[in-house]
Structure formats: structure tokens, C-alpha cells
Amino acid sequence: MNFPISGTHLNPLYLMAIGFIVGVLGGFFGVGGSFLAGPALFGLGVPMNYVVGTDLAHIVGKSVVAARKHYALGHVDIKLGGLMMIGTIPGVEIGAQGIEQLKRLGGVDVVVGVVFIVVLLAVAGFMAWEGWNTIHAKGRKSKSNNQDAPGSILQERTAFSQISRRIQKIGLRPCISLPKSGISQVSLWAILGISFVGGLFSGFLGGGAGYIRLPSLIYVLGVPTHVAVGTDLFEIIVSAGYGTVTHALK
């Protein structure tokens, strides 16, 4: 099938397969799936600036379906998601402007590709290290024959994820409470910072940037994993929606 806007010829069955896999993984992990869809499209010969914009458009529909399901399960913190939108939109626009500038200079494919690889490797390394620490912590706990105490998952965080507790203790005003996420106090600036960075990567690399925002919600803000998944999908609707519009206009 010919796609004249991007100047490519692609097999629609291949595109459907990519969409299905991305949808399954996105619904489970709470990310938009750009870490799969983007490289898959680029591997088919789609120019990177079209990969970014097209991936954003695709993520919107998938995130609406997934976020609706998680909302029905009570896994979406509407207050947190709404506040994050304030920082997301400026970040997306700056990222999109960066793509536009690279397109003029003729280096968009190389730069975006390298940044994508570095970001994904860094996130994967962080998650692997955190998982390794958690396994060892549970092993030591089991050997000491201590029973797990009931309570929030925040009580079982390893040393690497104690960042969230320190962030919550920062009293930089304004501070807000997030009852749905079990957070009594957190600085609004921490939320805006996470959402801005997520929006920046979304506008520059495509997708919803859940590979950045989801770990940040869990390890920096201390949001429970199931709530972080649903809230991230809810927020992706806005970030990817705005990104689709601004990339389409460009």
C-alpha cells in the first residue's frame, strides 16, 4: 500500500501486527509503545520526522481505550493526571520544535535514532538495577524469617527507590495531596518537572513517553504501580493528542 505523505510503500498486514503488539504491551505496562512502534516504522523506511508524528497519532486511539479500562478499575488518579497536563504541553511543543529544526539541518534521522537508543538503554538499565535490588532485598528478608508487614508498597521500596520519600518531604510550595495515589504531600514543581520531561521526549521521540513518565511516577513521586499505569495512559491521551496536532501542522 502506498502512503504518499511520507513517500513510502508499506505492507498493511505488517502495520496491523505492529499495532496489535503495541496495544497489548501498552495496556499491560501503561506505556504508549513507541519503543516498539517507532523503530518498527523506521526500519520499514519511514523518515524519522514522519515516524514521530505518525506514532503520536496512533498512540492517541490506543491510549483512550486502555485508559478507559483502567479508569473503570479505579487505576487512574484524575487529579495527578490533570496537573501533569500543565507541564506536558510545553514540553511536547519544545520537542516538536527540535524535530523541525533538525529537519531543516538534515540530521533528524541520525540524531533522533541515537537519542532513542540511549534513552531506552538508560531506562532499561535503571529498571534492571531496581529489579535486582528488590530480588536481593526479598531474599535477605526471607532468610531472616521475617514476615512481611501489611501496608503500602512504599514500605518495601529498596534503597534505590527511596528517592520518592525524599521528594515528598521537600516542602517547596505549592504542595498538594494526592489521596488516590496515597500521597499526603508532594511539591507541585516535582509533578510539573516530571510531566515536562515526559512531554519533551514525547514531542521529540514520538509516542507518549511512558518509558520515561511511568518509572518517574513510581520511583520519583512514589505512586503505586497500578495507579501509575492507569494515570500514565490517561496523561498520554493529552500529550500524544497535542503532539499529533502540532506535528501535523508542521
Side-chain angles (χ1 to χ4, degrees), residues 19-37 55-89 91-92 123 126-127 130-131 134 151-157 161 163-165 167-168 176-188 190-202 206-244:
F20 178 78
I21 295 172
V22 167
V24 171
L25 294 179
F28 185 80
F29 291 108
V31 296
S34 57
F35 63 95
L36 290 175
D55 186 32
L56 283 164
H58 156 255
I59 292 302
V60 175
K62 184 201 71 64
S63 297
V64 169
V65 176
R68 181 181 177 185
K69 181 64 176 178
H70 280 276
Y71 179 78
L73 295 173
H75 296 171
V76 179
D77 190 330
I78 298 294
K79 182 178 180 180
L80 175 59
L83 291 172
M84 291 180 69
M85 294 177 189
I86 301 173
T88 294
I89 292 178
V92 171
V123 172
F126 173 85
M127 298 298 288
E130 172 63 15
T134 301
S152 157
I153 67 168
L154 292 178
Q155 295 175 332
E156 296 187 3
R157 293 294 176 92
S161 58
I163 299 173
S164 61
R165 292 180 178 176
I167 292 294
Q168 292 175 19
I176 60 171
S177 63
L178 299 169
K180 183 70 176 181
S181 299
I183 298 175
S184 59
Q185 174 181 297
V186 66
S187 174
L188 176 62
I191 297 174
L192 296 181
I194 288 173
S195 58
F196 176 80
V197 172
L200 183 65
F201 279 97
S202 179
Y211 47 81
I212 292 291
R213 190 165 42 246
L214 183 62
S216 298
L217 288 174
I218 297 172
Y219 296 113
V220 178
L221 291 187
V223 179
T225 302
H226 65 285
V227 177
V229 170
T231 304
D232 182 49
L233 285 166
F234 171 72
E235 213 278 338
I236 284 175
I237 297 173
V238 176
S239 61
Y242 180 82
T244 299

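Residue numbers run from 1 in the order of the sequence given.
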Tell me, with the steps shown, if Val92 and Leu200 meet side-chain contact (heavy atoms from CB on, under 4.5 Å).
CA-CA 5 Å; Val92 171; Leu200 183 65; over 6 Å; no
Which value, rounded to the nearest 0.5 Å, describes the distance between [X] atom [atom1] and [Y] atom [atom2]?
{"X": "Tyr242", "Y": "Leu56", "atom1": "OH", "atom2": "CG", "answer": "12.0 Å"}
{"X": "Leu214", "Y": "Thr225", "atom1": "CG", "atom2": "OG1", "answer": "7.5 Å"}
{"X": "Leu221", "Y": "Ile183", "atom1": "CG", "atom2": "CD1", "answer": "5.5 Å"}
{"X": "Ile78", "Y": "Leu178", "atom1": "CD1", "atom2": "CG", "answer": "12.5 Å"}

Looking only at heavy atoms, which two atoms of [X] and [Y] are closest? And how far apart?
{"X": "Ile218", "Y": "Ala228", "value": "CG1-CB, 3.7 Å"}
{"X": "Val76", "Y": "His70", "value": "CG2-C, 3.9 Å"}
{"X": "Leu233", "Y": "Ala66", "value": "CD1-CB, 3.7 Å"}

side-chain contact (heavy atoms from CB on, under 4.5 Å) between Arg213 and Ser202: does it pass, once the steps are laid out?
CA-CA 10 Å; Arg213 190 165 42 246; Ser202 179; 5.6 Å; no
Could you tell me whether the side chain of Val186 reaches within less than 4.5 Å of the side chain of Ile176, counting heavy atoms only?
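Answer yes - side chains close enough.
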Less than 4.5 Å apart, any side-chain heavy atom of Leu80 and any of Lys180?
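The answer is no, as the side chains (C-beta and beyond) never meet within the 4.5 Å cut-off.
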Verdict with reasoning, Glu235 to Ser195, per side chain to side chain donor-acceptor pair (under 3.5 Å):
CA-CA 9 Å; Glu235 213 278 338; Ser195 58; 5.9 Å; no
Starting from the C-alpha separation in whole Å, work towards a yes-or-no answer on side-chain contact (heavy atoms from CB on, under 4.5 Å) for Leu192 and Leu83.
CA-CA 7 Å; Leu192 296 181; Leu83 291 172; 5.6 Å; no
Relative to the ring of His226, is the ring of His75 parallel (under 30°), tilted (30 to 60°) or perpendicular (over 60°)?
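Perpendicular, since the angle between the ring planes exceeds 60°.
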Can a donor-acceptor pair be found, under 3.5 Å and without considering hydrogens, that links the side chain of Thr231 to the backbone of Gly81?
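No.
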With distance as the sole test, does Ser181 use its side chain to make a donor-acceptor pair with the main-chain N or O of Val223 at under 3.5 Å?
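Flag not set: sc Ser181 to bb Val223 has no pair under 3.5 Å.
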